There are 2 protein chains.
Amino acid sequence: MSPIGKTRPTGRDRLRDSVLAGDLSFLLARANALTLAAANAALAEHGLKARSYSVLALAADDVRPTQRELAEFLRLDPSQVVALIDGLEKRQLVERRTDPADRRANVLVATDAGRALFARAQSSARAVELGLLAAVTPEDHERLAELLRLLAFPE
Amino acid sequence: MSPIGKTRPTGRDRLRDSVLAGDLSFLLARANALTLAAANAALAEHGLKARSYSVLALAADDVRPTQRELAEFLRLDPSQVVALIDGLEKRQLVERRTDPADRRANVLVATDAGRALFARAQSSARAVELGLLAAVTPEDHERLAELLRLLAFPE
DNA sequence: CACGGACCGTTGAAAATGTCAATTATTTGT
DNA sequence: ACAAATAATTGACATTTTCAACGGTCCGTG
């Protein structure tokens, strides 16, 4: 054994060998930051951001979520959901329908224009996602999604 | 084949079967949101947040990063790094040393108090991380980290 | 050597997001 | 019928993000 302690990689990216780089929270945060930036850039041409895209996706998917469900699913404050839907509704992409089963609640549905825009936006989003996953083998795509699901939806 | 279209899970969590739930960006965002909240809660007792913890970690690890390196590594604006370091420096956890090789740049080093606090904070952070990974098998921990690294550090 | 252009950290302002408490309308349980 | 709980909304406030401008320093070229 050499008596010398840690050999310090003096190169470009010494930081990548720090303890932090093994930290799951950090890796998640950084991966998320890059992904989010790429997604927002790609969605901009459709006048969307990741947030509004998510809301539109759920509306277009005929899930008929209430605003509360949206808030919890997207981890947003209910008041942010209000603003988000206001924006989409003003553009006629989405409509609030009062839930017949509970007149306090609104259920979100997409208009035809909303569905059309979502279809276009989705293909942009998919393209970006494939680009980000370039270094990951196809079978690992699903593995990654599975593992993330465990973190994203703890029982 | 049944002529009926999509069978709609009418249960608690129909949203989890939506197209969005297969979206990597969404899973990353949600996993990150939960993880970040848990980390912040655990770090609060040490007067830290995920951000300041990350900075302290790099300082304590003797990586001697410049502020610019910190900004890029943590995906922050350089001005945010200034504020972050100001906070830690005021608490004497960290010091700015002007880089002898480039007097424009500051290099960040941890004080003894900073190292001590980091050691304590790190064990809180690890405990939280293990809790979040409860549903993931130990060998998948590393697999997940590997996959996230590919996203977090595209060559 | 001197100069211009690039780069580092810092400041400050503006925009976007996040957090929270209060309000109205409705539901639910008793 | 009533009290407590819940859905959406509003408005206030804090935190975070984003950006442009500035002084000090470095580097390459003339």
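Not measured: the values here are computed from a predicted model. So that the names make sense, note that chain A is the first sequence line, chain B the second, and so on, each numbered from 1.
Remark: B:R51 is in phosphate contact with D:dT17, judged by side-chain N or O atoms under 4.0 Å from OP1 or OP2. Proximity of B:Q80 to the phosphate of D:dT16: no side-chain N or O atom is located under 4.0 Å from OP1 or OP2. Between B:K49 and D:dT15, a side-chain N or O to OP1/OP2 separation shorter than 4.0 Å is absent. A:R68 has no side-chain polar atom (N or O) that falls below the 4.0 Å cut-off from OP1 or OP2 of C:dT26.
A salt bridge links B:R115 and B:D62; the closest N-O separation between the charged side-chain nitrogens and carboxylate oxygens is under 4.0 Å.
Each of B:D86 and A:R103 lies near DNA chain C, and the nucleotide nearest B:D86 is the one positioned closer to the 5' end. Comparing A:R75 and B:R96 against DNA chain C, the residue whose closest nucleotide sits nearer the 5' end is B:R96.
Rounded to whole Å, atom C1' of C:dC7 lies 13 Å from atom CG of B:D99. Per the geometry, CD1 belonging to B:I85 stands 14 Å off P belonging to C:dC8, to the nearest Å. Taking atom CD on A:E72 and atom C1' on D:dT6, their separation rounds to 13 Å, with Å as the unit. In this structure, the CD atom of A:Q67 is 14 Å from the C1' atom of C:dA25, given to the nearest Å. Rounding to whole angstrom units, CG of residue B:N32 and C1' of C:dG18 are separated by 15 Å. At whole-Å resolution of the value, CG in B:L76 and P in D:dT18 are 10 Å apart. Residue A:D102 contributes atom CG, which lies 12 Å from atom P of D:dT6 at whole-angstrom precision. Atoms CZ (B:R97) and C1' (C:dC8) sit 19 Å apart, rounded to a whole Å.
Contact check for A:F118 versus B:V19: side-chain heavy atoms found under the 4.5 Å cut-off. By the 4.5 Å heavy-atom criterion applied to side chains, B:L48 and B:L88 are counted as neighbours. Taking the side chain as every heavy atom from C-beta outward, B:L117 and B:L56 approach each other to under 4.5 Å.
As judged by a 4.0 angstrom heavy-atom cut-off over every strand, A:D77 is placed among the base-contacting residues.
Interface remark: the A:S79 side chain does form a donor-acceptor pair with the C:dC20 base, using a distance-only criterion of under 3.5 Å. No N or O donor and acceptor, one from the side chain of B:R104 and one from the base of D:dC26, sit under 3.5 Å apart.
Nearest heavy-atom pair across A:V128 and A:A42 is CG2-CB, 3.2 Å.
In this structure, A:L34 is not a member of the same hydrophobic cluster as B:L28, with clusters built from ILVMFWY side-chain heavy atoms closer than 4.5 Å.
For the helix from C:dC1-D:dG30 to C:dT30-D:dA1, the angle separating the two terminal helix axes comes to 30°, with each axis derived from five pairs and the value rounded to 10°.
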Is there a salt bridge (charged side-chain N to carboxylate O under 4.0 Å, His left out) between B:E142 and B:R149 once you walk through the steps?
-> CA-CA 10 Å; B:E142 190 46 36; B:R149 252 188 288 275; 3.2 Å; yes

